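Heads up: the structure comes next, in structure tokens.
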Amino acid sequence: MIQRCNEIMATTLAVTSLLLGVLLPSPVAAFLCIKEVNNGIAVLVTLNQCKLTCGPFGVLWPQPQTAKLGADVVEFLPTNVFLTPLITDEVLPLLLEAFDIFKGNLEKHHPHYSSGSAPWSSHWSPSSAIHGVEVKVQVQGVETFLTLHTNESYELHIHTDGDKTTATIIAPNFFGARHALETLTQLVEYHENRGTLMIVRTASVYDVPAFKYRGLLLDTSRNFFSVAAIERTLDTMAANKLNTFHWHITDSHSFPLYLESLPNMAFYGAYTPSQIYHPHDVRHLVQYARVRGIRIVPELDAPAHVGNGWQWGETHGLGKLAVCVNKEPWESYCVEPPCGQLNLANPNMYTVMAKIYKELAQVFSPVDLFHFGGDEVNLNCWNTTEEITSWMTANNNSLDADAYYDQWGVFLNKAQKLFTESNNAVEVAGIVTASSLTVADRVEQYVNKSQFIIQMRVIRTTDPIIGELLRKNYRLIISNYDAWYLDCGVGDWLGEGNNWCSPYNSWQTVYDHSPHDIATRQTGSSRSDQIVGGEAAMWSEQVDESGLDAKRLWTNPRTNWQPAETRFIHHRQRLVKRGVQAERIQPEWCYQNEGACRRQQPLLPVLEKCLP
Ligand SMILES: *[C@@H]1O[C@H](CO)[C@@H](O)[C@H](O)[C@H]1NC(C)=O
Ligand SMILES: *[C@@H]1O[C@H](CO)[C@@H](O)[C@H](O)[C@H]1NC(C)=O
Ligand SMILES: *[C@@H]1O[C@H](CO)[C@@H](O)[C@H](O)[C@H]1NC(C)=O
Ligand SMILES: *[C@@H]1O[C@H](CO)[C@@H](O)[C@H](O)[C@H]1NC(C)=O
């Protein structure tokens with residue numbers, strides 16, 4: 001059974017919009033590989049070849065801005081791939097490393113690949129054994145660290161002449177070139193009948209991401225993740241061209257980071273002695289991420305979400321560094337157990353913060369963005385702590401909410417100054433989570449818009465706070481718990497300027513998940529310079545290592561109809577070959593029989609009842 005690529009114009013598909021409550025007919029062009037019996041008459045190709053070349057974007061994920069792919073492929077062996085770097089000396093070590101990763105990923109296309117020795121067997125034809133693939137990389141820039149100003153665009157051109165294919169990558173810097181290598185990997189597949197690889201004969205891709213910040217948050221406090229698990233997450237992010245790993249390192253549950261100047265933090269705060277990140281682990285991950293086009297944004301959540309790890313102050317003569325630690329009944333002092341908040345009344349707390357910041361700035365060097373946390377402060381914790389209320393009173397503060405917000409604001413600005421000092425006086429953009437301090441009538445008093453970016457978490461797309469902050473000229477990172485976000489977060493390397501998910505109009509209309517659209521609806525313009533990007537969250541209360549890879553590849557059953565489906569499923573297969581343990585999205589039969597697993601009828605919303 002081999003495949004043919006058919007274009008199917010589906011004009012009758014309809015999807016129930018849960019948000020809008022109407023039926024929207026969506027004319028969608030979909031290209032499908034159709035399985036047929038090989039009767040020797042029709043021109044049929046293997047499934048992989050069909051997928052590589054079917055439709056305007058083949059199996060590229062996320063979809064590039066523009067792509068032109070030839071219909072033909074040429075076979076080659078991964079041993080005949082070589083690099084011609086036309087780049088600056090600064091960038092060479094990074095590029096060599098990225099090229100090794102690229103070649104490793106090509107090898108993994110082989111179904112029997114195992115640990116560095118792909119069994120390139122003897123089925124290939126003599127022509128594929130000599131066919132060469134030259135990867136020419138032209139980079140003029142000297143940038144070796146990703147920043148919010150990095151231009152991540154690239155061009156990729158493939159042409160084939162006789163027994164040589166040349167892939168030319170042109171990018172303003174290493175980071176664009178790295179993305180191009182990722183795209184190039186996706187223009188290569190395993191040839192099932194020949195045991196070789198194949199690459200599209202000709203192609204042109206122009207690409208640039210719609211957002212500067214394409215993030216994934218990982219929480220390593222509720223559950224510890226090994227360095228290897230984090231590496232796999234970074235691999236998967238790189239394959240999806242996500243560029244920001246937001247590391248929520250600590251929380252009230254545990255403090256898994258070993259600090260040379262403050263060993264007690266991990267001593268008191270780690271779950272076990274083996275569940276600790278050492279400075280060399282962190283440095284390793286920063287470099288591992290960088291080669292994959294990813295910046296790591298460390299977060300030290302404060303002044304709430306601290307607790308375990310901070311208890312050593314009293315026995316070491318520094319007083320209570322945190323209050324309400326593990327206090328019960330937790331419902332009165334925090335949003336989830338265990339509780340804990342920094343002790344604003346204790347000046348030693350700031351000395352300790354400064355030490356932590358200093359080490360963070362060193363091990364994460366160079367820091368591009370720093371996350372100050374700032375969510376879910378519980379005023380009642382402070383207000384029921386005698387040390388804090390007496391301090392408030394002694395400083396002529398009242399005990400009402402506004403007085404506490406003032407002190408929280410003082411804390412935030414001290415923290416910002418301490419971090420800048422710790423970072424050799426280099427001020428980096430800080431991120432804070434939206435909170436009661438960032439509401440419309442308080443935000444300008446406490447949050448300096450040139451210093452901070454506000455991360456919009458736990459909000460609905462219709463929440464007017466988004467428009468209010470944009471009108472006040474704050475920069476935002478859009479980050480929702482709603483399922484729609486992860487969907488699009490995986491694929492947000494898309495569209496032209498204003499339109500996050502622009503090739504997916506139906507998604508966009510139905511799921512209403514374009515940050516620029518949200519901005520337009522609330523403020524009358526897309527505010528593209530103020531929306532820095534988006535972030536998907538991986539809180540670890542209920543996820544541990546085993547669920548990590550799978551969650552990366554979320555798909556929403558209600559989007560089954562849409563044209564990205566087949567590319568997305570293929571992308572997931574590709575990640576599995578690279579060693580990511582993703583769950584199957586569908587039975588293999590659906591992978592081979594594209595389009596056959598779609599629901600014909602829209603699903604109606606069903607109300608669930610929970611019975612005891
Ligand atoms: C990014 O680089 C490309 C290629 O050099 C260039 O065309 C584009 O204008 C640059 N974008 C910005 C925002 O500088
Ligand atoms: C508090 O107010 C009193 C009376 O106005 C004043 O004497 C005192 O210096 C103030 N204390 C502080 C810490 O500002
Ligand atoms: C703090 O406690 C006092 C009573 O001791 C109360 O009057 C005040 O409203 C409380 N403040 C907050 C923010 O709950
Ligand atoms: C806001 O931050 C900028 C950049 O650090 C600084 O120049 C400015 O003085 C700050 N504004 C206020 C009101 O503190």
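By convention here, the first residue in the shown sequence is residue 1. Order of appearance sets the numbers: ligands from 1, and atoms from 1 within every ligand. Fair warning: this is a prediction, and the values are worked out from it, not measured in the lab. Quick note: numbers below take in every heavy atom, side chains included, and nothing from hydrogens, waters or symmetry partners.
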Could you name the protein residues that come within less than 4.0 Å of ligand 3, counting only heavy atoms, and order them by chain and residue number? Asn383, Leu399, Asp400, Ala401

By salt bridge (Lys or Arg N to Asp or Glu O under 4.0 Å), Lys449 pairs with (sequence neighbours left out) Glu444

Aromatic ring proximity, centroids under 6.0 angstrom, Tyr357 and Phe370: yes

Under 4.0 Å from a heavy atom of Asn448: which atoms of ligand 4 are those, numbered in the order shown and with their elements? 1 (C), 2 (O), 3 (C), 8 (C), 10 (C), 11 (N), 12 (C), 14 (O)

With a 6.0 Å cut-off on ring centres, are Phe224 and Tyr271 close enough? no

Give the atom numbers and elements of ligand 4 that come within less than 4.0 Å of a heavy atom of Ser450. 1 (C), 2 (O), 3 (C)

Asn151 side chain to Asn173 side chain, donor-acceptor N/O pair below 3.5 angstrom: no

Run the numbers for me: atoms of ligand 4, each under 4.0 Å from some heavy atom of Glu427, listed by number. 4 (C), 5 (O)

Numbered in order shown, the ligand 2 atoms found under 4.0 Å of a heavy atom of Ala394 are 13 (C)

Near-ring test Phe452/Tyr474, centroid separation under 6.0 angstrom: no

Assert yes or no for the condition that the ring centre distance of Trp247 to Phe225 is strictly below 6.0 Å. no

So, using side-chain contact (heavy atoms from CB on, under 4.5 Å) as the criterion, who are the partners of Val291 when residues are at least two apart? Leu94, Glu97, Ala98, Ile101, Gln287

If a pair satisfies salt bridge (charged side-chain N to carboxylate O under 4.0 Å, His left out) and one of its residues is in residues 346-370, list it, with sequence neighbours excluded. Arg295-Asp368

